[in-house]
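Here is the naming used below: chain letters follow the sequence lines, and residue numbers restart at 1 for every chain.
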Amino acid sequence: MLYRESGQFNTSYRADQRWFRLWQQRWVFATWMILAFVVVPLIGNDYWLNAILIPFLVLSLAGLGLNLLTGYAGQISLGSAAFMAIGAFATYNFQLRIEGMPLLISLFLGGLTAAGAGVVFGLPSLRIKGFYLLVSTLAAQFFVTWILTQCGWFSNYNASGVITAPPLVVLGQNISSPAGRYLLTLSVAFVLFWLARNIVHGELGRRWMAVRDMDTAAAVIGIPILQTKLLAFAISSFVLGIAGALWAFAYLGTVEPHGFDLSRSFQILFIIIIGGMGSILGSFLGAAFIVLLPILLSNLSATFLAGWVDPGQLENLQKIIFGALIIFFLIKEPQGLARLLEIVRQRARVWPLRF
Amino acid sequence: MTAHAPLLELQHISLSFKGIKAITDISFAVQQGEICALIGPNGAGKSSLLNVINGVYQPDEGVISFNSKSYSRMKAHQAAVQGIARTFQNIALFKGMSVLDNVLTGRNLKVRSNWLEQMLNSGRAPADYVSQRIKAEEVIDFLRINQWRNSIVGTLPYGLQKRVELARALASEPRLLLLDEPMAGMNNEEKAEMSAFILDTQREFGTTVVLIEHDIGVVMNLSGHVVVLDYGKKVGDGTPDEVRHNPEVIAAYLGTKH
């Protein structure tokens with residue numbers, strides 16, 4: 001009953017392009033933002049912030065990065081974790097080697113470095129498509145972790161290649177507390193999601209989708225294919241690079257190159273498959289699912305299956321359930337949780353009628 | 001009629017795929033503002049010829065003149081910049097996008113803002129979006145697909161998809177419109193509707209049209225100029241009446257006594 005769009009007309013094309021067309025949507029969004037920016041830092045305990053909310057936000061950012069490339073521009077990649085690693089190690093080195101470098105600038109430069117690497121590894125995409133492209137991004141994945149382990153310079157000659165977070169200071173404020181790190185991650189995520197949303201609803205987003213859906217037709221109507229694909233790789237890797245730096249410094253504190261291995265890339269791919277390819281919101285939903293499901297499963301099994309299942313087997317059980325869910329989503333709802341939410345929204349529009 | 005230089009002129013175009021000749025030494029001219037039909041049996045090389053004109057295939061020999069400029073090879077992007085738009089035999093729409101977004105991509109060469117402005121939604125981007133949107137909406141009105149504006153193209157029925165593809169081509173404000181079987185698989189009402197849209201396009205915007213069509217009735221009614229191909233060679237070229245009485249054309253379609 002509350003979700004009614006009657007009487008809410010757009011009277012200009014600018015108005016039609018807004019984020020949220022209905023006042024109901026604007027209120028829901030504002031409530032979420034107040035919750036996230038004000039209420040959560042005030043009442044959230046360290047466990048919630050450290051173990052759930054920060055990894056959730058970072059993974060949703062990583063999901064966003066891959067979603068721009070795979071969901072929107074249609075270029076499949078298994079190199080996401082490699083670009084995260086580049087972002088993390090580049091940010092670390094900018095902080096370490098340039099005296100008095102502000103953290104946010106380092107983050108930005110780390111993202112740019114990842115973007116540069118993304119362009120290099122995106123070059124084959126002009127010639128190869130689909131699964132073959134997947135293999136070439138796999139090369140990025142293995143090459144990057146290898147070189148970060150081999151070259152001591154990247155980790156400042158740490159014996160095991162581990163990098164440690166620099167003191168987190170933004171605008172003179174120390175933000176090393178869980179709430180501070182949470183707010184840093186949230187703010188960066190907010191800005192990047194806003195930019196990504198503008199891209200996707202703008203001309204570049206349309207070009208990406210055109211290349212994804214039918215690249216010969218895209219070329220015939222004048223879209224420069226190579227430039228469009230490389231921009232997708234660059235922007236996607238930029239977001240992934242910043243996500244990687246936040247993963248290293250705002251979440252874990254210390255990280256080694258193997259923290260960004262192939263299984264991390266798969267995890268990010270699962271986020272967008274479950275959340276929804278080609279959906280900004282899907283990146284959030286998928287990340288929430290991936291972070292919360294293991295916690296839910298272990299809580300459930302602790303209550304119901306205590307004594308039945310060996311705790312050591314629990315991790316395997318999680319993998320089995322994940323695998324089954326991914327198969328389920330690929331078959332039943334390839335557009336993921338975002339699509340399910342959209343169906344609910346459509347139902348709410350006409351409730352209590354069915355159509 | 002021939003006082004002006006033709007808009008499009010093909011001179012001695014030949015094309016082969018790994019030694020198999022698809023098109024052999026074809027020359028013809030299309031005047032500014034006319035509707036020219038390419039007809040011929042299956043495999044005569046009609047679609048290949050369209051692909052040569054808009055740069056999807058590079059001819060082995062021959063020269064294409066468009067708008068008084070000669071090209072021995074044209075790239076697809078270059079053809080689009082020159083004002084050549086087309087539709088495809090098997091619909092080549094962007095299936096995951098809405099009708100409006102499909103039409104807007106048709107205007108991608110007219111967009112003036114760069115991606116940084118679009119990303120920040122500032123600078124030229126907002127005003128640019130509005131002006132592109134106005135033009136796109138004009139095309140949507142023209143082809144009467146308003147009510148499907150926000151539908152995802154992949155969910156629309158076939159006849160509408162053909163119309164959306166025409167809309168995407170028209171959105172680029174082309175000088176030359178290439179239509180590859182715009183009426184394939186349509187019933188008579190849909191054919192009549194599509195014919196009306198093609199005629200309206202030519203009359204209202206002065207667009208020159210080259211189309212491939214198998215329905216001879218439609219071809220004779222629509223076009224003022226017919227080119228007949230058979231086995232990659234040109235066998236007839238002229239007004240519908242001239243072509244109808246051309247013995248070579250009759251031979252290609254009905255066969256001859258040997």
Subject >> side-chain contact (heavy atoms from CB on, under 4.5 Å) against A/Leu226, all qualifying residues, sequence neighbours excluded >> reply: A/Leu126, A/Leu230
**OP:** Please determine, among A/Leu195, A/Val200, A/Ile235, A/Ile225, the option with the most heavy-atom pairs under 4.5 Å with chain B.
**Re:** A/Leu195
**OP:** Considering non-hydrogen atoms only, spot the tightest contact between B/Ala80 and A/Val220 and give its length.
**Re:** CB-O, 3.4 Å
Original post:
Which region of B/Ile91, side chain (C-beta onward) or backbone (N, CA, C, O), has a non-hydrogen atom less than 4.5 Å from a non-hydrogen atom of chain A, or is it both or neither?
Top reply: backbone
Original post:
More than 12 heavy atoms of other residues, nucleotides or ligands under 6.0 Å from CZ of A/Phe131: is that the case?
Top reply: no
Across chain A and chain B, going purely by atom type as modelled, what donor-acceptor pairs are there at a distance under 3.5 Å?
{"unit_1": "B/His77", "atom_1": "NE2", "unit_2": "A/Gly222", "atom_2": "O", "d": "3.3"}
{"unit_1": "B/Lys95", "atom_1": "N", "unit_2": "A/Asp213", "atom_2": "OD2", "d": "3.3"}
{"unit_1": "B/Gly96", "atom_1": "N", "unit_2": "A/Asp213", "atom_2": "OD2", "d": "2.8"}
{"unit_1": "B/Asn108", "atom_1": "O", "unit_2": "A/Arg207", "atom_2": "NH2", "d": "3.1"}
{"unit_1": "B/Asn108", "atom_1": "ND2", "unit_2": "A/Ile221", "atom_2": "O", "d": "2.9"}
{"unit_1": "B/Gln118", "atom_1": "OE1", "unit_2": "A/Leu204", "atom_2": "N", "d": "3.1"}
{"unit_1": "B/Met119", "atom_1": "O", "unit_2": "A/Asn198", "atom_2": "ND2", "d": "2.9"}
{"unit_1": "B/Arg133", "atom_1": "NH1", "unit_2": "A/Asp16", "atom_2": "OD2", "d": "3.0"}
{"unit_1": "B/Arg133", "atom_1": "NH2", "unit_2": "A/Asp16", "atom_2": "OD2", "d": "2.9"}

Original post:
In terms of heavy-atom pairs under 4.5 Å with chain A, which of B/Ala127, B/Ala76, B/Ala92 leads?
Top reply: B/Ala92
Original post:
Heavy-atom distance under 4.5 Å between the side chains of B/Phe94 and A/Met209, does that happen here?
Top reply: no
**OP:** Can you tell which part of A/Ala196 gets under 4.5 Å to a heavy atom of chain B, answering side chain, backbone, both or neither?
**Re:** neither
Subject >> Atom group of B/Ile134 that falls short of 4.5 Å from chain A, counting heavy atoms >> reply: both
Original post:
What residue in B/Ala125, B/Ala85, B/Pro126 has the most heavy-atom pairs under 4.5 Å with chain A?
Top reply: B/Pro126
Subject >> Interface moiety of B/Val81 toward chain A, non-hydrogen atoms closer than 4.5 Å >> reply: neither
Subject >> Heavy-atom pair count under 4.5 Å with chain B, highest-scoring of A/Gly205, A/Gly222, A/Ala219 >> reply: A/Gly222
